[in-house]
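Here is the structure we will look at, set down as structure tokens.
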Amino acid sequence: EEQLVESGGGLVQAGGSLRLSCEASGFTFDEYFIAWFRRASGQEREGISCISSSDGATYYAESVKGRFTISSDVAKNTVYLQMNNLKPEDTAFYYCALSYGGYGSNWYLSRYEYEYWGQGIQVTVSS
């Protein structure tokens, strides 16, 4: 059974850092994309970062570029999201998701192109 499990969320002060982890299990194909999304209260789910398993290519939303870094540990089937210089507006429920591929020039951060989702984890940044 395919499964994605997030960990590492919590409460942090503005300017602080957190590292989220997304552990994947049960997936049968070697080439895939894992992305992080977030949904703040009253807002739509936003794609913020993606990494390719085949070549390690990464993609970021403008809102997190320069502050967040996505990486992967293939041996552990885990993708990480290092979040630095956190701001109160980063407060949201964070999800990881997996896709085997999508369409369009910006599909990497489109929630419609991801078939598998984790349960999500809360990140709260206090001012």
Side-chain angles (χ1 to χ4, degrees):
E1 178 184 2
E2 299 93 347
Q3 192 174 20
L4 298 169
V5 178
E6 301 95 338
S7 61
L11 173 66
V12 65
Q13 288 188 332
S17 299
L18 281 175
R19 189 178 78 160
L20 303 183
S21 300
C22 173
E23 183 175 0
S25 61
F27 295 95
T28 56
F29 295 99
D30 292 333
E31 295 187 5
Y32 51 83
F33 298 80
I34 288 186
W36 286 95
F37 291 79
R38 66 185 182 185
R39 182 172 59 82
S41 179
Q43 297 185 21
E44 294 187 349
R45 196 171 298 193
E46 172 194 18
I48 57 173
S49 188
C50 172
I51 188 167
S52 166
S53 70
S54 61
D55 61 5
T58 58
Y59 308 87
Y60 296 94
E62 287 298 321
S63 58
V64 305
K65 195 175 291 184
R67 299 188 298 123
F68 291 10
T69 303
I70 193 170
S71 62
S72 65
D73 185 331
V74 175
K76 295 182 178 180
N77 291 323
T78 299
V79 169
Y80 304 98
L81 186 68
Q82 178 66 42
M83 306 186 294
N84 297 330
N85 190 22
L86 283 160
K87 304 175 181 180
E89 51 264 43
D90 293 316
T91 295
F93 213 69
Y94 284 70
Y95 304 84
C96 64
L98 185 146
S99 173
Y100 289 119
Y103 300 93
S105 58
N106 296 316
W107 76 264
Y108 306 102
L109 299 181
S110 170
R111 63 186 186 270
Y112 302 108
E113 303 294 341
Y114 287 80
E115 299 90 2
Y116 303 95
W117 292 83
Q119 292 298 306
I121 194 165
Q122 179 68 39
V123 171
T124 302
V125 184
S126 62
S127 56

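- The environment of CD in Glu89 is crowded: more than 12 heavy-atom neighbours from other residues, nucleotides or ligands sit within 6.0 Å.
- A 4.5 Å side-chain heavy-atom check between Tyr59 and Ile70 finds every atom pair outside the cut-off.
- Considering NZ of Lys87 and OG of Ser127, their distance stands at 14.0 Å, rounded to 0.5 Å.
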Show me, pair by pair, the donor-acceptor contacts under 3.5 angstrom made by side chains of residues 99-107, not counting sequence neighbours?
unit_1 : atom_1 : unit_2 : atom_2 : d
Ser99  : OG     : Gly101 : N      : 3.0
Ser99  : OG     : Gly101 : O      : 3.2
Ser99  : OG     : Glu113 : O      : 2.7

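- Listed by first and then second residue, the disulfide bond (SG atoms under 2.5 Å apart) pairs involving residues 97-127 amount to none (not counting sequence neighbours).
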Per-pair distances, 0.1 Å, donor-acceptor, side chain in residues 74-86, under 3.5 Å, sequence neighbours excluded:
unit_1 : atom_1 : unit_2 : atom_2 : d
Thr78  : OG1    : Lys76  : O      : 2.8
Gln82  : NE2    : Asn84  : OD1    : 2.9
Asn84  : OD1    : Ser17  : OG     : 2.9

Scan the side chains in residues 19-26 for donor-acceptor partners under 3.5 Å anywhere in the protein, sequence neighbours excluded, and list what turns up.
none

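- Partners of Ser110 according to the side chain to side chain donor-acceptor pair (under 3.5 Å) rule, which considers only residues two or more places apart in sequence or in another chain, do not exist here.
- Rounding to the nearest 0.5 angstrom, the gap separating the CH2 atom in Trp36 from the OG atom in Ser49 is 10.0 Å.
- With sequence neighbours excluded, no residue forms a side chain to side chain donor-acceptor pair (under 3.5 Å) with Thr28.
- Partners of Gln3 under the side chain to side chain donor-acceptor pair (under 3.5 Å) rule, at least two apart in sequence or in another chain, do not exist in this structure.
- Between Phe37 and Tyr114, the ring center distance clears the sub-6.0 Å criterion.
- Partners of Lys65 according to the salt bridge (Lys or Arg N to Asp or Glu O under 4.0 Å) rule, which considers only residues two or more places apart in sequence or in another chain, are Glu62.
- Residue pairs meeting the disulfide bond (SG atoms under 2.5 Å apart) criterion with at least one partner in residues 30-73, sequence neighbours excluded, are absent.
- Sorted by first and then second residue, the salt bridge (Lys or Arg N to Asp or Glu O under 4.0 Å) pairs involving residues 1-10 (not counting sequence neighbours) form an empty list.
- Annotation: salt bridge (Lys or Arg N to Asp or Glu O under 4.0 Å) contacts of Arg111 (sequence neighbours excluded): Glu44.
- In this structure Glu46 satisfies the salt bridge (Lys or Arg N to Asp or Glu O under 4.0 Å) test together with Arg38, sequence neighbours excluded.
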